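In what follows, a structure is listed as structure tokens, so that the remarks can point back to it.
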Amino acid sequence: MLSALALTVGLLAAAPASAFDFFDVTRRAKALANEKYKAPSSALPKELRELKYADYQQIRIKPDRQLWADGRTTFQVAFLHQGMAFDLPIKINEIDAEGVREIKYDPDDFDFGTRKPDLKQLKNLGFAGFRVFHSFGDRANKRDGELASFLGASYFRVAGKGQVFGVSARGLAIDTAVASGEEFPRFREFWIARPANNDKHLVIYALLDSPRATGAYRFTINPDEDTTVQVRSRVYLRAPVGKLGIAAMSSMYLYGSAQPSSAANFRPELHNSDGLGIRAGNGEWLWRPLNNPRRLASSSFAVENPRGFGLQQRSRDFRLYEDLDERYDLRPSLWVEPEGDWGKGRVELLELPTSDETNDNIAAFWVPESPPKPGAALDLNYTLRWTRNETALADAKLARVLQTRRSTGETRGADQIRRPDGSIALMVDFSAPVPAKPKDPPLPVSLNFSTSGNADVLENSLRRNPVTGGWRVSLRLKVKDPAKPVEMRAALVNGQNPVSETWSYQLPGYETGE
């Protein structure tokens with residue numbers, strides 16, 4: 001028996017599914033770019049707009065009204081209702097062997113929990129987004145395996161097997177943290193291709209629109225221990241932009257070892273990501289621990305032809321979080337693997353202040369040195385990897401940064417008591433670099449350290465860490481102007497040869513000092 005949702009599906013085209021592909025979406029994007037932007041309007045009733053988050057979570061599509069609820073594929077799609085700030089409708093289509101069909105919104109397909117809205121007011125409201133479920137090899141657990149969620153502007157989140165949603169990806173970022181204000185492109189229409197019964201991947205097409213940009217996207221989602229999303233994109237600009245953010249991502253960092261909590265909390269660390277990793281085109285690997293600054297902080301890393309970058313969650317020990325509900329130890333890292341040469345540009349990291357864990361205060365993206373001119377196409381393809389295996393992303397021969405710990409600087413007096421001396425202390429632990437041959441002795445290393453001119457370095461030492469078998473860098477410095485940041489870089493070298501990734505850190509500037 002067909003569900004009510006299936007019965008409301010209207011046939012839009014009788015062409016075979018093979019006739020619809022990425023280039024159908026690019027044609028729409030190009031046509032849109034040649035038109036004047038039309039802002040979407042919201043018809044969301046006040047009752048649903050003013051919902052609290054817990055109440056919004058009660059609104060769920062009925063299980064038998066989900067797409068592919070017949071269980072013939074290992075995927076299932078649950079549509080998301082409008083509510084709170086998710087107040088703009090998106091169009092969703094299904095592609096199958098018979099063609100392309102629009103999925104029609106029907107309020108009767110939803111369970112509104114304790115609320116009983118007037119369904120007549122919602123008749124033509126439309127969807128806010130959708131979630132994708134997958135069996136991860138076990139059809140019986142399909143509904144428990146949330147694979148992806150597309151909700152709000154061009155944001156989407158993905159998870160691998162055993163992972164918990166954390167860092168988000170974005171289709172496009174425009175003028176993020178620019179004084180004139182950020183523009184938020186949004187996916188206005190999706191086409192979801194019904195997979196064959198034995199398909200292990202899911203293809204989703206999306207059309208992006210905003211006042212100054214349009215875009216076509218194809219997402220090929222491959223669920224696994226590491227879920228990957230192969231992204232094919234083509235972007236058109238209606239007008240020039242100040243900052244074009246490609247392969248953008250957002251995350252949350254409240255506090256951690258590099259910035260302990262100022263208030264007592266049973267959770268030693270609280271973050272979705274703890275650092276930004278970059279693999280530059282020249283072979284350098286870089287690790288930048290995150291901050292929760294008191295004011296907006298920006299860091300820029302000039303990279304030509306990046307080979308990878310992303311926000312990572314390197315701290316995997318549950319004892320560092322102690323949170324049985326949120327399971328920050330299971331939050332994935334998000335790694336971007338560019339396809340081909342992207343040319344000159346920069347990876348930009350933005351850190352905003354936040355007082356709680358509900359706000360994403362971290363953003364990272366690639367900014368091309370020369371954005372496309374209005375009307376010209378920008379084609380950039382890449383793979384997004386959601387993973388908990390961060391060591392697999394690194395060069396196995398290079399030492400990695402294991403942790404960064406920050407505290408008040410101290411000196412030991414003649415009475416052997418440690419006392420604060422007005423400095424800031426940093427302890428950076430590296431693993432041991434791998435010798436050229438397994439039987440070779442450990443590599444002798446020294447420290448290559450540099451800092452900006454806004455600090456006096458009181459201590460800069462390197463010694464063996466007998467517990468980890470690696471190396472510990474001890475730094476102590478006094479900031480000259482607390483209102484300005486201090487930039488630092490450190491790496492292990494064997495002679496003139498780098499044998500570790502580069503630790504890059506910004507001590508944020510504070511108006512009132514540390």
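This one's a predicted model, so the numbers in the text were calculated from it and none came from an experiment. In this chain, residues are counted from 1 in sequence order.
Between the side chain of Gln163 and the backbone N or O of Trp386, at least one donor-acceptor pair lies under 3.5 Å. Of the possible donor and acceptor atoms, none in the side chain of Asn361 sits under 3.5 Å from a partner among the backbone N and O of Pro353. Side chain of Tyr217 to main chain of Gly171: a donor-acceptor pair is present (N/O by atom type, distance under 3.5 Å, no hydrogens or angles). Side chain of Ser42 to backbone of Asp87: a donor-acceptor contact under 3.5 angstrom is found. Side-chain atoms of Asn454 come within 3.5 Å of backbone atoms of Asp481 as a donor-acceptor pair (strictly under, hydrogens ignored). Between the side chain of Asn282 and the backbone N or O of Glu284, at least one donor-acceptor pair lies under 3.5 Å. Side chain of Asp175 to backbone of Gly242: a donor-acceptor contact under 3.5 angstrom is found. Under the 3.5 Å distance criterion, the side-chain polar atoms of Asp440 are left unmatched by any main-chain donor or acceptor of Pro435.
Sequence neighbours left out, the pairs with a member in residues 450-464 that pass salt bridge (charged side-chain N to carboxylate O under 4.0 Å, His left out) are Asp456-Lys480, Glu459-Arg476.
Looking at residues two or more places apart in sequence or on another chain, you find no side chain to side chain donor-acceptor pair (under 3.5 Å) involving Arg412. Residues satisfying the side-chain contact (heavy atoms from CB on, under 4.5 Å) test with Asn460, not counting sequence neighbours, are Leu447, Phe449, Val457, Leu475. Under the side-chain contact (heavy atoms from CB on, under 4.5 Å) criterion, Ala213 pairs with Leu172, Ile174, Ser210, Leu237, not counting sequence neighbours. The side-chain contact (heavy atoms from CB on, under 4.5 Å) test applied to Thr391 returns Asn389, Arg400, not counting sequence neighbours.
Between His81 and Phe86, a ring centre-to-centre spacing not shorter than 6.0 Å is recorded. Between Phe150 and Phe219, the gap from one ring centroid to the other is short of 6.0 Å.
Inter-residue side-chain proximity for Leu51 and Arg115 is flagged as met; some heavy-atom pair is nearer than 4.5 Å.
Among Asn291, Thr404, Thr451, the one residue that satisfies the side chain to side chain donor-acceptor pair (under 3.5 Å) test with Tyr505 is Asn291.
The two residues Asn292 and Tyr253 have their closest heavy-atom pair at CB-O, 3.6 Å.
No more than 12 heavy atoms of other residues, nucleotides or ligands shown are found within 6.0 angstrom of NZ on Lys161. Residue Arg49 qualifies as enclosed at atom CZ: its count of foreign heavy atoms under 6.0 Å is above 12.
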Sequence neighbours left out, cut at 3.5 Å: what donor-acceptor pairs do the side chains of residues 271-281 make with other protein atoms?
unit_1, atom_1, unit_2, atom_2, d
His271, ND1, Gln313, OE1, 2.7
His271, ND1, Gln313, NE2, 3.4
His271, NE2, Glu269, OE1, 2.7
Asn272, OD1, Arg331, NH1, 2.7
Ser273, OG, Ser251, OG, 2.7
Asp274, OD1, Arg314, N, 3.0
Asp274, OD2, Arg314, N, 3.4
Asp274, OD2, Ser315, N, 3.1
Asp274, OD2, Ser315, OG, 2.9

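Taking the six-membered ring for Trp and thresholds of 30 and 60 degrees, Tyr53 and Tyr56 have ring planes inclined between 30 and 60 degrees apart. In this pair, Trp335 and Trp285 present their aromatic rings parallel. The plane angle is below 30°, not in the 30 to 60° band.
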